[in-house]
Amino acid sequence: MAITWRAVVLTALGAVAVLVWPVPGTVLAWAALSVVLCVLDTVLAASPRAVALRREVTGPVRLHEPGRSRLTVTHTGPRRLRALVRDAWQPSAHAERNRHRVDLPTGESRRLDTPLRPSRRGDLHADRVTVRTLGPLGLAGRQASLDVPGTQRVLPAFASRRHLPSRLARLREMDGRAAVQVRGAGTEFDSLREYVIGDDVRSIDWRASARRSDVVVRTWRPERDRRVLIVVDTSRTSAARTGEEPRLEASVEAALLLAALASRAGDRVELIAYDRTVRARVAGVSGPRLMPAVADALSGVEPSLVEADWPGLVAQVQERLSQRALVVLLSALDPSAVEHGLLRVVDRLASRHQVVLASVKDPETELLRTGREDVAALFDAAAAERTELERSAVALRLRGHGVEVVDALPDDLAPRLADTYLALKAAGRL
Amino acid sequence: MSAPTLSPVADGTVLGDGTTAAGRARGRWRRWRWVVGIAGVLAIGVGISLLPAPTRSVVPLAPDNAGADGAMAVANVLREQGVEITYVRGAAQARAAATAGTTLLVTSDWWLTPEQSATVTGTAADLVLLDPYTLLTDAVPGLETGWSGGASATSLPAACTDPDAEAAGSITGSGSGVVARDATGAATDAPDGTTLCFPLPGTEPQAYLTSTSEVDGRRVTVLGDAGLLTNARVAEDGNAALVLRTLGRNPHLVWYVPSSTDTSVEAAAPGLGDLLPPTARVLLWQALVVLLAVVVWRGRRLGRVVVERLPVVVRSAETTRGRGRLYRTSRSYGHAAAALRAGVADRCARLLGLPRTAAAPDVITAVARAAHRDEREVADLLYGPPPTSDAGLETLARRLDQLESEVHPT
């Protein structure tokens, strides 16, 4: 049972009666009258359990893009349904306009749309649907909360896709279509075509030119069908916040951009998210189905507060990769974590594969490093300087083991990693 | 739309929550039974306390007590004779009611505090004290309570010229009497204006059952035996005559039976409730009911609060800040300066294309050349002794920044 503001007004009207008959009995009598009317109204209200509810939710949407939850309310009870329906979602779904007034005769149905504005990646779940039916007087009614399951899948925002066109252009240049590419290791013969002004004269194929009246150049392109394994580290270091978001968000963005770029470049992309077990995996998917699969796999990945199991990860990588590949570790360049984790196993990886470690730098550390306001800021600056030195020292040690290290601010990580990939590809080191 | 489907529905449609009305009622009862039980007990308690009080009291010597130890008979006779009786249980009320020209009957001084005694004797009314102890000395200086020794009531003849006593002739009484003593405690004659009557036999010094005094223009009568008033004994001998004449002297009688729970001296100031008009008081009750309705209206949520697990917030720079605080609290100038110097040296070396493994002299030479500075100065700046004070650290940081800004690759 629930009462409305009308019931409160009804009770308040008792003041008039009290002014006419100012005895305590008036108060009691009016209260009794109000209670009787409310109970009567409740009894005459339609049953909230005679309402059939069906929920439809939009398919996967990107983060910050609007979704929609649609409830189809069908009234099956004998009395007219006057109700307030609340379609509750978890807070990060931001289902703000989720209360709907419904007035339905028996047997009719209506659709209630609740807009969602997800502010968090992953699966957002609907909570219960609460139906509060009101009696004919609108004083009071009955209420029931019903479980109507619904899930809105929210994919990563992939804000780094704005960097994709420029990187694709660079890839096309490398592909020899612009013919400025000279032959290098790891490139393969692509085609012969007519010389145009600007082409490198060293790439002229004299033998082919002799057979034709034109001067012909050879074009080269980077090798295709290389394997790229993206490893997203979801251990405790990924939970730390850099700027507004956990480090993992930047890793996800970088993974998406790299996957998009590498699949366009003709490489086979695999992805795993790992801390002590495999949290997500994409393998054996290529072409246009790759990006949806990657986004879907990464949508549910969350930082877990455990230490990463690096030997286990190496075992996973070796199990998945039989031939030389590019292994991209989206982790943190955290001196102590790298010292006790990655550095102990890096040789087993780097001896067979090209390893890239991409790490998010904290903009706050840079801010602290340049702080000079007072002595306290100086001490903080010294501490930040020391942190940076330790980071670059451990990066140096990793480079000594043949690992490429990309250390960039959250917004720069995805393009910097893409550039590193292109550079490695151009150099034929995949 | 077709006819409603009441069957179990496919395609994810939900109808009801699988509960029955009886099941819900059971659940509600299980949840609320404690509340209902406690509310019931409270309601019964309130109901009992609101029941009208019995019209016949059991308070000894009360004017509405019809028992053997009550004084209803005397009160009724007095009322019939036109005496208006005000029955009070509090000292403050007694004081308020006892104005000049009235009679104030105090049935006992056992429960009276010294302040209350003073309050009672401080009124302008004629006093009638039953079996008093400390109150007697307060009311009539020079008189004290004397122990009679006799337990059973005996017939006592009047031995004075007081008209009331003469009218009574003899009374049946016992208990403590009145003795006249001076300041040293020796027995004396009765003080001026005091008549002692009904001597108690066999007492030394002589005690009297009653006394009548004129003090400060008012009459103070002492009856040493409170039993004279009781329904049981009022009819014996001349008891009725004495009591009725004593109490009926004035048209208004304040009948004060002290209570053990009363400690009041002053009449309470009129509270807010006394100042409000009666309508406003009822309106306040109405407002309370409306408030209750508002509580019920706002108290029922439209469905439960939805909760969500949120990720922990650990700032990445927290460890760096912690280290900075550690430097600061331990005044670790050496460590701080070393870090600042190493940072500048590292950046300059990278800018100048030196390998990271370059030795200190090479770095000094390269930096000095790039910044057009003296080598010794640069060496002192990058590898000199650590500062030992806040000012020293600030100076070093400023000079390092300056040096870094001057280094350009040639």
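Here is how names work: the chains are called A, B, and so on, in the same order as the sequence lines, proteins then strands, and each is numbered from 1. All values reported here derive from a predicted model rather than from experimental measurement.
Your options are A/Ser47, A/Ser145, A/Ala376, A/Pro149, and the one with the most heavy-atom pairs under 4.5 Å with chain B is A/Ala376. Taking A/Arg99, A/Arg55, A/Glu302 one by one and counting their heavy-atom pairs under 4.5 Å with chain B, the maximum is reached by A/Arg99. Taking A/Val129, A/Asp374, A/Thr72, A/Ile3 one by one and counting their heavy-atom pairs under 4.5 Å with chain B, the maximum is reached by A/Ile3. Highest contact tally toward chain B, considering only A/Ala88, A/Gly14, A/Ala2, A/Ala12, is held by A/Gly14 [criterion: heavy-atom pairs under 4.5 Å]. Counting heavy-atom pairs closer than 4.5 Å to chain A, the top residue among B/Leu302, B/Val289, B/Leu326 is B/Leu302. For chain B, the option among A/Pro91, A/Ala384, A/Ala393 with the highest count of heavy-atom pairs below 4.5 Å is A/Pro91. Contact count versus chain B (heavy atoms, under 4.5 Å) is highest, among A/Val9, A/Thr237, A/Leu146, for A/Leu146.
Taking each heavy atom of B/Val306 and A/Arg86 in turn, the nearest pair found is CG2-NH2, 4.1 Å. Contact between A/Pro22 and B/Val282 at its shortest, heavy atoms only, is O-CG2, 3.7 Å. Nearest approach of B/Ala317 to A/Asp362, heavy atoms of both residues: N-OD2, 3.0 Å. Listed here is the closest heavy atom pair of A/Ala383 and B/Gly324: CB-N, 3.4 Å. Nearest heavy-atom pair, A/Gln143 versus B/Gly303, reported as atom, atom and distance to 0.1 Å: NE2-N, 3.3 Å.
Side chains of A/Phe379 and B/Arg331 form a contact here, defined as non-hydrogen atoms less than 4.5 Å apart. In this structure, A/Leu53 and B/Leu15 have side chains that are not in contact, with every pair of non-hydrogen atoms separated by 4.5 Å or more.
Within the 4.5 angstrom heavy-atom criterion, atoms from both the backbone and the side chain of A/Trp5 approach chain B. For chain A, the nearby parts of B/Ala338 are the backbone and the side chain; heavy atoms of each come within less than 4.5 Å. Residue contact with chain B, scored on non-hydrogen atoms closer than 4.5 Å, involves the side chain of A/Leu305 exclusively. Neither the backbone nor the side chain of A/Glu388 comes within less than 4.5 Å of any heavy atom of chain B. No part of A/Pro303 comes within reach of chain B, as not one of its non-hydrogen atoms sits under 4.5 angstrom from that chain. Using a 4.5 Å cut-off between heavy atoms, A/Arg386 touches chain B through backbone and side chain atoms alike. With a threshold of 4.5 angstrom between heavy atoms, A/Val23 approaches chain B through N, CA, C or O but not through any side-chain atom. For B/Thr319, no part lies under 4.5 angstrom from a heavy atom of chain A. Neither the backbone nor the side chain of A/Ser34 has a heavy atom closer than 4.5 Å to any heavy atom of chain B. With a threshold of 4.5 angstrom between heavy atoms, A/Leu367 does not approach chain B through any atom at all. Heavy atoms of A/Glu244 lying under 4.5 Å from chain B are absent altogether. Contact of B/Arg309 with chain A is made through the backbone alone, with heavy-atom distances under 4.5 Å. With a threshold of 4.5 angstrom between heavy atoms, A/Val148 approaches chain B through its backbone and through its side chain.
Listed by first and then second residue, the ring pair (Phe, Tyr, Trp, His ring centres under 6.0 Å) pairs that reach into residues 275-304 of chain B come to none, sequence neighbours excluded. Sorted by first and then second residue, the salt bridge (charged side-chain N to carboxylate O under 4.0 Å, His left out) pairs with a member in residues 290-301 of chain B form an empty list; sequence neighbours excluded.
No more than 12 heavy-atom neighbours from other residues, nucleotides or ligands sit within 6.0 angstrom of NE2 on B/His335. At most 12 non-hydrogen atoms from other residues, nucleotides or ligands lie less than 6.0 angstrom from CZ of B/Arg376.
When atom types are taken as modelled, the side chain of B/Glu308 and the backbone of A/Ser92 share a donor-acceptor pair closer than 3.5 angstrom. Between the side chain of B/Arg315 and the backbone N or O of A/Gly243 there is at least one donor-acceptor pair closer than 3.5 Å.
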What verdict does the side-chain contact (heavy atoms from CB on, under 4.5 Å) test give for B/Val294 and A/Thr11, after you've listed the backbone C-alpha separation in whole Å, the side-chain angles of each residue and the deciding distance to 0.1 Å? CA-CA 9 Å; B/Val294 170; A/Thr11 326; over 6 Å; no
Please assess A/Arg247 against B/Ser316 for the test side-chain contact (heavy atoms from CB on, under 4.5 Å), listing each intermediate value before the final yes or no. CA-CA 9 Å; A/Arg247 195 174 262 153; B/Ser316 172; 3.2 Å; yes
Take A/Glu364 and B/Arg321, measure what salt bridge (charged side-chain N to carboxylate O under 4.0 Å, His left out) needs, and give me the verdict at the end. CA-CA 10 Å; A/Glu364 201 179 339; B/Arg321 284 183 187 279; 2.7 Å; yes
Using the rule given for side-chain contact (heavy atoms from CB on, under 4.5 Å), can you reason through A/Leu368 versus B/Thr320, listing the C-alpha separation, both sets of side-chain angles and the distance that settles it, and then say yes or no? CA-CA 9 Å; A/Leu368 285 177; B/Thr320 306; 4.1 Å; yes
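The pair A/Arg241-B/Glu318 does not count as a salt bridge, with every side-chain nitrogen at least 4.0 angstrom from each carboxylate oxygen.
Contacts between residues 19-33 of chain B and chain A, counted as heavy-atom pairs separated by less than 4.5 Å, involve B/Thr19, B/Arg24. For residues 383-401 of chain B, heavy-atom neighbours of chain A at less than 4.5 Å comprise B/Asp390, B/Leu393, B/Glu394, B/Ala397, B/Asp401, sorted by residue number.
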